[in-house]
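As the structure lists them, so they are numbered: ligands from 1, and atoms in each ligand from 1. The figures that follow rest on heavy atoms only: side chains count, while hydrogens, waters and symmetry mates do not.
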Amino acid sequence: MTKHQIPNTKYQTLNTSHPLIELINVDIFYGSMQVLFSISLRVFQGELICLLGGNASGKSSTLKTILGICKPSKGRVLLNGQDTGKLKTRDVISKGVSIVPENRRIFPHMTVLENLEMGAYLRNDREEIRKDMENIFDLFPILRERSLKQGITLSGGEQQMLAMGRALLSRPSLLLMDEPSMGLSPRLVDQQFEIIQKVNSMGTAVLMVEQNASMALSIADRGYVLQTGSVVIEGNAEELINDPMMQEAYLGGGDGDV
Ligand SMILES: Nc1ncnc2c1ncn2[C@@H]1O[C@H](COP(=O)(O)OP(=O)(O)OP(=O)(O)O)[C@@H](O)[C@H]1O
Ligand SMILES: [Mg+2]
């Protein structure tokens, strides 16, 4: 498959340092089945990047590769320039990567507060954790109100906030988000995307997996499109939105879904 690459002047001129995360020609297998084919992808400090693609195109596997859950059989993953080949997932997390997983996956029978505390489990700076917790409660006031309730009692939108709050409590420099709009009403999707933009504007780089291409591109700086495990299109958001191939394959049909 030939990659359709849109020239991207913004990140080439703005980012002269090395990327926060860089995948270079990465192949991933589950057993004998190859799911990622020579993936190359970069996220720089402060960027908001979307990773688009249909079902089973390899989006979640790409995030698992960044977290060190999947290990490349070929290619390299660099975190702040350091090869993560030998790192365990907990080491990757302690070096500043955090995830809001697909379907949120909060701990249903732990309280909101306990769920949030889990996000800080690799930290031991009690006073700073307390301050961060307050910041999370300011960002999501409903979580303060519900702090002693079990996770399972929260609505889908509230669980999404909890999953995000938990991810932020590890103080990530890179936040991975796997389909944040999934299962949310249009109003909550809008709210969710506003929160992602806010978190990003406060300095956290975000790599967001989405099937809702038009929504994702409306807030992203750049995007990558995966098809059956290969990056087929990449470029900055505005150019992706206006690109005829994107329009036809991913943004047509009026609903904007990939
Ligand atoms: N643990 C696993 N073991 C074996 N195969 C897997 C595993 N996880 C994913 N796969 C397969 O890898 C391929 C890519 O899956 P992945 O979850 O990365 O796709 P995705 O783009 O996130 O899809 P979706 O939009 O449905 O979440 C699929 O064919 C899937 O069946
Ligand atoms: Mg997925």
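Nearest to atom 26 (O) of ligand 1 among the protein's heavy atoms is Asn55 ND2, 2.9 Å. Summary of contacts: the protein heavy atom closest to atom 17 (O) of ligand 1 is Ser60 CB, 3.7 Å. Met33 CE, 4.5 Å is the protein heavy atom nearest to atom 31 (O) of ligand 1. For atom 15 (O) of ligand 1, the closest non-hydrogen atom on the protein side is Ser61 OG, 3.8 Å. Protein heavy atom nearest atom 6 (C) of ligand 1, with residue, atom name and distance: Tyr30 CD1, 3.2 Å. Looking only at protein heavy atoms, the nearest one to atom 25 (O) of ligand 1 is Lys59 NZ, 2.7 Å.
Looking at Ala56 next to ligand 1, an N or O pair under 3.5 Å apart turns up. Where the criterion is an N or O separation shorter than 3.5 Å, residue side chain and backbone included, Gly58 meets it with respect to ligand 1.
No donor-acceptor distance shorter than 3.5 angstrom exists from the side chain of Lys59 to the backbone of Leu51, with no hydrogens or angles considered.
In this structure, Ser57 is part of the shell of residues with a heavy atom less than 4.0 angstrom from ligand 1. Between Gly54 and ligand 1 there is a heavy-atom distance shorter than 4.0 Å.
A distance of 9.0 Å separates CD1 of Ile28 from NZ of Lys71, quoted to the nearest 0.5 Å. For the atom pair CG of Leu48 and CD1 of Ile219, the computed distance is 5.0 Å after rounding to the nearest 0.5 Å. Taking CG of Leu78 as the reference point, atom CD1 of Ile21 lies at 7.5 Å (rounded to 0.5 Å).
Among the atoms of Ser60, an N, O or S atom falls under 2.8 Å of the Mg ion (ligand 2). At least one N, O or S atom of Glu102 sits under 2.8 Å from the Mg ion (ligand 2).
In this model, no donor atom of one side chain and acceptor atom of the other lie less than 3.5 Å apart for Gln192 and Ser181.
Here Val35 has side-chain heavy atoms under 4.0 Å from ligand 1, and that is the only part of it that gets that close.
Within a 4.0 Å radius of atom 28 (C) of ligand 1, the protein contributes at least one heavy atom.
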Margin query: Between Glu239 and Arg222, does the salt bridge (charged side-chain N to carboxylate O under 4.0 Å, His left out) criterion hold? Intermediate values first, please.
Written below: CA-CA 9 Å; Glu239 288 161 340; Arg222 293 189 293 118; over 6 Å; no
Next item on the list: Under the salt bridge (charged side-chain N to carboxylate O under 4.0 Å, His left out) rule, what do Arg123 and Glu128 come out as? Steps first, then yes or no, please.
Entry: CA-CA 9 Å; Arg123 294 173 57 182; Glu128 289 296 306; 5.3 Å; no
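Cluster membership for Met161 and Leu113, using ILVMFWY side-chain heavy atoms within less than 4.5 angstrom, is shared. Cluster annotation: Ile129 and Met110 are assigned to distinct hydrophobic clusters (Ile/Leu/Val/Met/Phe/Trp/Tyr, side-chain heavy-atom contacts under 4.5 Å, transitive).
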